[in-house]
Amino acid sequence: MKKRIPVLLDGDPGHDDAMAWVLAKACPFLDIKGITSVAGNQTIEKTTYNAMRVCTLLGIDAPIAMGRPMPLLCAPRTAGNIHGQSGLDGPKLPEPTMQLSPLSPVELMAKVLRESDEPVAIIPTGPMTNVAALLLAHPELKENIRLISFMGGGIQSGNWTAAAEFNILVDPEAADTVFRSGLPLYMAGLDITEKALIFPEDFEKIRAVGNEVARVVADWLEFFYKFHREIGYEGAPVHDPCAVVALIRPELITYEDMYVEVEKKGQYCRGMTVGDQKGVLGNKPNVHVGMKIDRDGFANLLLEAVKTFDSEGK
Ligand code: RIB
Ligand code: CA
């Protein structure tokens with residue numbers, strides 16, 4: 001049996017964050033050591049409540065720490081138009097069965113890193129505020145980090161502005177800190193997540209699995225599909241689970257090693273992930289950028305993941 005990989009999940013659930021956590025929980029060789037919420041899709045109060053409800057639904061038994069209410073330096077922004085006023089509109093979810101950790105996200109992540117006998121993989125699927133704060137507060141713990149596999153950015157385009165993807169745009173300074181960290185970085189940006197499209201035939205197969213998690217995931221996908229159809233997408237771009245794929249089925253993604261920097265200024269391009277695809281700068285690549293994804297393999301991964309939950313969703 002593969003040695004289990006300890007992971008920290010950091011996100012702003014968020015329908016696709018929740019589905020990323022389904023993949024992580026379903027994977028037998030990932031060991032979820034902690035969850036940290038971040039402000040992004042909705043306010044920190046809402047994303048934290050959603051994180052607790054999703055962990056209750058999935059039976060994730062790990063400490064949950066409430067993140068910072070706003071980005072490192074700039075004003076917060078939310079995406080209620082996509083994820084709804086709750087941040088996770090759609091199917092009814094169980095009320096949390098756990099208490100929040102008394103620790104801050106930085107303290108929780110630092111504790112996990114110190115106590116783990118294996119280097120820890122960090123999987124941020126929202127703005128990288130907490131992860132940047134960890135790296136700034138505890139540079140000595142970088143040696144305990146296996147990699148950071150994040151959903152964010154896009155070399156070819158943005159989705160919140162023409163240039164910037166939402167997670168990076170919400171906190172460009174945090175993203176810049178991560179991109180400059182020197183750690184192994186795997187980027188699940190729009191270049192692959194907008195190809196990870198899920199269609200009705202996919203989520204009806206998931207619904208047919210018949211357990212509680214399958215029904216909820218199908219409802220999340222249907223909610224996401226309806227919104228994105230209205231704005232011109234063919235299917236639902238299920239962004240965040242792509243960050244987990246890098247750890248559990250890396251062969252489904254084709255990566256290009258690239259030097260990428262984050263634009264922190266600019267009237268039109270703040271938050272843009274500027275990838276030097278031709279290597280004109282001659283800088284050493286700092287990011288493995290996902291450029292292609294096996295969509296059918298990705299859809300099947302989601303289907304197989306929901307089958308691992310029993311009828312009570314645990
Ligand atoms: O741009 C997509 C990202 O923004 C996803 O992580 C989604 O959950 C939102 O946070
Ligand atoms: Ca997210």
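Remember, it's 1-based here, ligands and their atoms both numbered in the order they're listed.
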Would you call Lys307 and Glu304 a salt bridge, using N to O less than 4.0 angstrom? yes
So for atom CG, which belongs to Asn283, do other residues, nucleotides or ligands contribute more than 12 heavy atoms lying within a distance under 6.0 Å? yes
Based purely on interatomic distance, does His239 place a nitrogen or oxygen under 3.5 Å from a nitrogen or oxygen of ligand 1? no
Between Glu194, His15, Glu165, which one has a non-hydrogen atom sitting closest to atom 1 (O) of ligand 1? Glu165
Is the number of heavy atoms from other residues, nucleotides or ligands under 6.0 Å of Glu234 CD greater than 12? no
For Lys195, I'd like to know if atom NZ has over 12 heavy atoms of other residues, nucleotides or ligands within 6.0 Å. yes
Sorted by chain and residue number, which protein N/O/S atoms are under 3.0 Å from the Ca ion (ligand 2)? Asp12 OD1, Asp17 OD1, Asp17 OD2, Thr125 O, Asp240 OD2
Thr193 contact mode with ligand 1 (heavy-atom cut-off under 4.0 Å): neither
By the definition side-chain hydrogen bond (donor to acceptor under 3.5 Å, both in side chains), identify the one residue from Thr36, Asp171, Asp10 that meets it with Thr129. Asp171
Hey, is Glu230 close enough to Lys226 for a salt bridge, meaning N to O under 4.0 Å? no
The atoms of ligand 1 lying under 4.0 Å from a heavy atom of Met151, numbered in the order shown, are 2 (C), 3 (C), 5 (C), 6 (O)
Please work out, at 4.0 Å between heavy atoms, whether the side chain, the backbone, both, or neither of Ile82 comes within that distance of ligand 1. neither
Check this for me: does any side-chain nitrogen of one of Asp202 and Arg295 sit under 4.0 Å from a carboxylate oxygen of the other? yes
Using a strict threshold of under 4.0 Å (side-chain N to carboxylate O), is an ion pair present between Lys33 and Glu115? no
Nearest heavy atom to atom 5 (C) of ligand 1, choosing from Thr78, Asp16, Asn41, Ile168, belongs to Asp16
Quick one: do Arg270 and Glu173 make a salt bridge, cutoff under 4.0 Å? yes
Hey, would you say the Tyr233 and Phe224 ring centroids sit under 6.0 Å apart? no
Can you list the atoms of ligand 1 that are under 4.0 Å from a heavy atom of Asp240? 5 (C), 6 (O), 7 (C), 8 (O)
Counting each atom of ligand 1 from 1 as listed, which ones have a heavy atom of Asn159 under 4.0 Å away? 1 (O), 2 (C)
